[in-house]
> 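Below you will find the structure I want to go over with you.
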Amino acid sequence: MRAHVAEHPAEIESSDPEPDRLRFLELAAKDLTAGGSLHDVLDRIIVGAADAVPALCHDLAIELPDGSKYSRWRCDCEGRCDCEAGAEALIQLRGDDPEKESGGKVLAVPVASDTHTYGTLIALAPEDAYFSSEDRTMLAAYGHHAAAGIEMTNLLAELGEEQETAEVLLEAARSLSEQYTVDDVAQSMSEAALMLSGANRSGVALWDSDTAQLRFHGATGWQGALAQKLSDFVLTTQESPELHDMLINPTPLLIDRRGSNWATSMLDHFELKALLAIPILTNEDFRGLVIAHWDGDAPHSLDHAAVQRLSGLAGLASVALHNAQLMEDARWKSLRDPLTGLANRTLFEEQLQAALGKAAVTGHSVGVLLCDINRFKRFNESLGHGAGDEVLRQVATRLGHCVDDGDIVARINGDQFAVLTIGADAVDRSATIAAKIRQTFREPLSVGSEKLFADLAIGIATSTGPSIEEAGAFGKPAQRMIELADLDLHRSKATITGHIHTDHADAEWLRLETDLRGAAGRGELRVHYQPQIDLANGSIVGVEALVRWEHPELGMISPASFIPIAEASGLIREVGFHVLQEATQTGAKWHAAGFPIEMAVNVSVAQLSAPSFLSQLKEALHQTGFPAASLTIEITESQVVTDHAVLRTVLRELRELGAGLSIDDFGTGFSSLTQLQRMPVTEIKIDRAFTTEQTGSAVSPFVAGIVGLGHGLSLRVIAEGVETEEQLAAVRAAGCDRAQGYLLGRPGDAAATLRHIKQKA
């Protein structure tokens, strides 16, 4: 591996990804027990350090316990540096406090155990590069390994006459080098402690400095209820004076019934006569205890041989625990999203795969929710990537509040999150979690001085749902299940947005979207009505309800400006329902006043596809008393073409209520006769683009064709956009049944429209 000169600012970076740090640490642990002399061990360590922390030059300089010197210089510059000058610079650091020189251009770490400093391990950066904090951590690990190698070799030499003890410690060292988690190291240590002490039971308890608690992470010789007691055991310095003293003066301690009241009670609780506790230290910090337990004949004083053997094991344990913690941290980073701290896609797939395997045995179900932030790109482009990052962090936090402790939340892509739920009720819980998420994100996020709404589209897949084969034949079941949720997510997005896709990303768009939320409840939405004329007698027979937004600061905003925003954000449901309520209420008042005017209301696909649409419509008709037969629901032709399979059932139920169905903007889409026949349509509206082409008295062949098609299917035909007398004459001559446009009446509020109706009556 070669040193790499990075840019702006320069840092030495490994060409390998984060998982390679795990591999380096695994190899470093094995270096200690791979055999050979102490010099062989130290040679392997500096080679490993050079691979793990790329640099131009490395130097390991130490004084061994016998007073001899070991010095190893390694340069990998390929002629890019002055090795002789570099060597002099490094030599000058020897004997100094390495911590003072650590970081930036030079990394210098001590080769030290808890009791002795042997020398220094140093790395030199190229001219235009700098070391990172992760490089510092890795090099320190190798310095610690070098010290461990020295002391392990020395310990084994001292125990040369005790062949059995030496073999046990060497085997323990090899076993520890193969353990990659803290719990595995602790368990391996407890097994070795039992053999080295001659006790009946053993254990390894580790100190958590964050919670100030001691817990057992490994145990050997414990059975049944006693094993469960040990697993549940938690100790603090407030409870145990012995533990309090151990943290102040970490030396071997024999605890028997001559100790404190807590000690006597603890021995009774675990049915013990005595225990021997040996502290585990890392860089002079208390890390935990290796403990030997006796339930029968127990020593009455500290046994020097037992203390020496277990202290040797504690020394090995210190290195192994430090190494395991580094590996756990590296693995945590490799499997976590650095921005939110959530699991990443790799970890989520692992957990999902394990959950599916377990569910196959238990018969439980598994649910996956995929959540995507609609229009997330707009946050970044309007407010900057810093605001976008804050949105992601807050979304992650809110999702965490929507799930239970056993559920898993992950960020698996840029603005995409996933939730995993497991259990007998996972299917129902998936729906419950989705409902919680929707409810939670009705409240805005506070990002700086801005109030932002983060809409989440949600897709759900369950292990008892459609076959995972629907997601393709390739990949593991976990990957295919995620694909199923993704398919459902895209169906959800299409339904919510009505297939409206926009690239608008300016701040004004974002502001209008934010302000539009709740506009109906604040009384800012106004419903105006445009008359529709019966071309046979010139009377007003109907009106089309049109919404206007009276913004408190920007004034009146036209539908052309905010309807696309409402459709893209899903707010069209809120806006549309308000218009429907206002229109039916106004129509009912006109009917009661003796003017049985028909009411046409535009409804989007997003409204029609909402499960609550029909019930809300029925409730509005019931409350206002407006007859369904006087209501016409208008949908655009493009929506019919795209979603006819989805809409057919809803439209049929609308017709069964008695409401009319109109295809708006007819002629601009690609409807076929077959599609029109399948839909329970009662009316088509000729798009204004065709009406404005009528510049003289001659009838446009397009208009005539549409009229002929409509009448041939027994549909009423309305021409919209009539603005001149020539256009009016032309659409009348073409056979249109009704017309609307500025010539016949501009949109106005309910009171103004009623006056116009009365004038025409």
Side-chain angles (χ1 to χ4, degrees), residues 1-3 12-14 16 18-64 70-76 90 93-94 97-99 101-104 106-114 116-125 131-153 173 176-180 185 282-283 315-331 333:
M1 182 180 296
R2 304 301 182 207
I12 294 181
E13 297 178 352
S14 167
D16 296 330
E18 182 68 32
D20 269 0
R21 294 186 179 272
L22 290 171
R23 180 169 60 84
F24 289 137
L25 290 169
E26 292 170 8
L27 293 174
K30 296 182 186 301
D31 284 341
L32 295 177
T33 57
S37 66
L38 175 57
H39 281 215
D40 293 333
V41 172
L42 296 175
D43 287 348
R44 289 194 295 266
I45 286 175
I46 191 169
V47 171
D51 285 339
V53 184
L56 291 187
C57 306
H58 293 77
D59 179 60
L60 177 60
I62 54 181
E63 180 177 339
L64 300 177
Y70 172 91
S71 178
R72 176 73 184 273
W73 167 264
R74 192 173 192 276
C75 189
D76 200 18
L90 293 180
L93 289 173
R94 296 179 184 177
D97 182 358
E99 298 292 342
E101 304 294 340
S102 183
V106 175
L107 279 184
V109 298
V111 177
S113 69
D114 298 317
H116 190 77
T117 298
Y118 297 96
T120 310
L121 174 59
I122 308 173
L124 180 66
F131 290 111
S132 69
S133 59
E134 290 184 344
D135 291 328
R136 169 74 177 87
T137 300
M138 289 295 294
L139 197 67
Y142 279 88
H144 197 61
H145 276 75
I150 295 170
E151 297 200 340
M152 185 176 71
T153 302
L176 290 173
S177 72
E178 296 174 353
Q179 310 306 322
Y180 303 139
V185 167
T282 301
N283 297 328
L316 297 177
S318 171
V319 178
L321 287 170
H322 182 70
N323 203 57
Q325 188 64 62
L326 287 174
M327 286 190 282
E328 286 190 355
D329 291 346
R331 178 169 171 77
K333 289 180 181 179

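A quick note: this is a predicted structure, and the numbers were derived from the prediction, not measured.
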> Could you measure the distance from the CD1 atom of Ile46 to the CD1 atom of Ile122? Nearest 0.5 Å is fine.
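Taking CD1 in Ile46 and CD1 in Ile122, the distance rounds to 10.0 Å.
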> Under the side chain to side chain contact (heavy atoms under 4.5 Å, CB included) rule, what do Leu121 and Leu139 come out as? Steps first, then yes or no, please.
CA-CA 8 Å; Leu121 174 59; Leu139 197 67; 3.7 Å; yes
> Could you walk me through whether Asp51 and Tyr142 pass side chain to side chain donor-acceptor pair (under 3.5 Å), step by step?
CA-CA 11 Å; Asp51 285 339; Tyr142 279 88; over 6 Å; no
> Nearest 0.5 Å please: distance from the OG atom of Ser71 over to the CD1 atom of Ile62.
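Here the rounded value is 9.0 Å.
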> Measure the shortest side-chain to side-chain distance between Val111 and Thr117 over non-hydrogen atoms and say whether it is less than 4.5 angstrom.
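Side-chain contact under 4.5 Å: no.
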> Which distance, rounded to the nearest 0.5 Å, do you find between the OH of Tyr70 and the CG of Leu60?
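Going from the OH atom of Tyr70 to the CG atom of Leu60 covers 5.5 Å.
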> How close do Val109 and Gly143 get, heavy atom to heavy atom, and via which atoms?
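That would be CG2-CA, 4.5 Å.
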> Heavy atoms only: give me the nearest Phe131-Leu124 pair and the separation to one decimal.
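Closest heavy-atom pair between Phe131 and Leu124: CZ-C, 3.8 Å.
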> With distance as the sole test, does His58 use its side chain to make a donor-acceptor pair with the main-chain N or O of Arg72 at under 3.5 Å?
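No, the answer is negative, given that no donor and acceptor are paired below the 3.5 Å cut-off.
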